[in-house]
Amino acid sequence: MFFDERVALFNVEASSSKEVIKIAADELYRRGIVKEDFFEHVLLREKEFPTGLATDKYGIAIPHTDSKYVNRSQIEFVSLKSPVKFKNMGNMSEDVEVTHVFMIAMSQPHEQAETLAKLMGMFSDEELMQRMYECSSKEEYESILKEKGLI
């Protein structure tokens, strides 16, 4: 998958899932990737269909919304300094301690399913996820994502 620019935020400090989503959405908006109301619609979707995912060792979130709020397709990768709680996509009454957020902004509806499939494959690669968790720079983080064809 090819995107026209890299959007990776490394070692971000946030106190809540809403704050992480706001930081990520603001960056996408600043770059003209999403429309002004993208953030609002990601939050609305997150309330109804949470995106926290607990893998064997790591908590991940994949917030997103409909393509009509997106100007051009992009995934934004956010590495968090400290975990924040997202609601579990499989059970809304459970929280997932999330360390990596993959904000999906797809301008075409069919791209969302393809992107989610690629990300799920990445999440099941324990070695790769361990490397992401341990990386110490934005460049190293981007290198790992590039290996997987995500940037």
Side-chain angles (χ1 to χ4, degrees), residues 1-12 14 17 20-35 38-39 41-81 83-92 94 96-151:
M1 189 163 288
F2 176 77
F3 299 108
D4 61 348
E5 59 187 288
R6 294 179 182 179
V7 184
L9 305 175
F10 181 73
N11 219 17
V12 170
S17 59
V20 173
I21 291 170
K22 175 76 170 141
I23 291 166
D26 284 353
E27 181 64 18
L28 290 172
Y29 179 69
R30 185 184 70 75
R31 293 174 181 240
I33 293 166
V34 299
K35 297 178 178 159
F38 178 80
F39 167 68
H41 289 280
V42 171
L43 285 183
L44 289 172
R45 189 192 182 288
E46 194 72 26
K47 284 182 184 176
E48 193 171 338
F49 303 104
T51 62
L53 175 65
T55 65
D56 287 341
K57 293 183 181 179
Y58 309 106
I60 297 160
I62 47 175
H64 54 282
T65 192
D66 295 333
S67 59
K68 64 184 174 184
Y69 306 107
V70 178
N71 296 322
R72 64 184 193 272
S73 296
Q74 186 70 51
I75 303 174
E76 181 172 37
F77 305 93
V78 183
S79 163
L80 295 168
K81 192 173 208 172
V84 298
K85 292 179 182 178
F86 275 74
K87 291 295 179 188
N88 187 324
M89 70 171 61
N91 181 349
M92 290 177 68
E94 293 178 5
V96 176
E97 294 282 328
V98 169
T99 56
H100 290 82
V101 176
F102 299 81
M103 176 81 80
I104 301 170
M106 296 294 124
S107 63
Q108 300 300 314
H110 72 276
E111 292 176 320
Q112 196 133 306
E114 295 167 12
T115 302
L116 286 168
K118 195 165 206 172
L119 286 171
M120 294 309 249
M122 187 177 102
F123 301 155
S124 66
D125 183 338
E126 284 189 36
E127 179 188 332
L128 179 108
M129 293 308 295
Q130 182 68 33
R131 286 176 48 215
M132 286 187 82
Y133 187 74
E134 293 173 348
C135 75
S136 58
S137 72
K138 181 176 179 177
E139 293 74 25
E140 185 180 356
Y141 191 64
E142 288 179 346
S143 174
I144 293 167
L145 297 169
K146 191 173 185 176
E147 279 178 39
K148 282 306 227 185
L150 291 165
I151 60 172

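All residue numbers in this chain count up from 1 along the given sequence. None of the values given here were measured: they were computed from a predicted structure.
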Next on the checklist: Tell me which one of Arg45, Lys87, Glu46, His64 satisfies side-chain hydrogen bond (donor to acceptor under 3.5 Å, both in side chains) with Thr51.
Outcome noted: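 Result: among Arg45, Lys87, Glu46, His64, Glu46 is the only option passing the side-chain hydrogen bond (donor to acceptor under 3.5 Å, both in side chains) with Thr51.
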Checklist entry - Going by an N to O cut-off under 4.0 Å, is there a salt bridge joining Arg31 and Glu27? => result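 Yes.
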Next on the checklist: Surrounding NZ of Lys85 (heavy atoms of other residues, nucleotides or ligands, distance under 6.0 Å), is the total greater than 12?
Outcome noted: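 No, the 6.0 Å shell around NZ holds no more than 12 heavy atoms from other groups.
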Next on the checklist: For Val34 and Tyr69: C-alpha separation, side-chain torsions, deciding distance, then whether side chain to side chain contact (heavy atoms under 4.5 Å, CB included) applies.
Outcome noted: CA-CA 6 Å; Val34 299; Tyr69 306 107; over 6 Å; no
Could you give the distance from [atom1] ([X]) to [atom2] ([Y]), rounded to the nearest 0.5 Å?
X      : Y      : atom1 : atom2 : answer
Thr55  : Met120 : OG1   : CE    : 10.0 Å
Ser17  : Leu80  : OG    : CG    : 10.5 Å
Asn71  : Tyr29  : CG    : OH    : 9.0 Å
Phe102 : Met122 : CZ    : CE    : 3.5 Å
Leu119 : Ile60  : CG    : CD1   : 9.0 Å
Met132 : Glu127 : CE    : CD    : 13.5 Å

Checklist entry - Can you name the side chain to side chain donor-acceptor pair (under 3.5 Å) partners of Lys22, sequence neighbours left out? => result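 With sequence neighbours excluded, Lys22 shows a side chain to side chain donor-acceptor pair (under 3.5 Å) to Asp26, given in chain and number order.
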If you define the side chain from C-beta out and look only at heavy atoms, does anything of [X] sit under 4.5 Å from [Y]?
X     : Y      : value
Val20 : Val12  : no
Phe77 : His100 : no
Val78 : Ile23  : no

Using modelled atom types only, decide if a donor and an acceptor are shared between the side chain of [X] and the backbone of [Y] within a distance under 3.5 Å.
X      : Y      : value
Thr99  : Pro83  : no
His110 : Gln108 : no
Asp66  : Lys68  : no

Checklist entry - Can Phe86 and Ile21 be said to form a side chain to side chain contact (heavy atoms under 4.5 Å, CB included), step by step? => result CA-CA 10 Å; Phe86 275 74; Ile21 291 170; 4.0 Å; yes
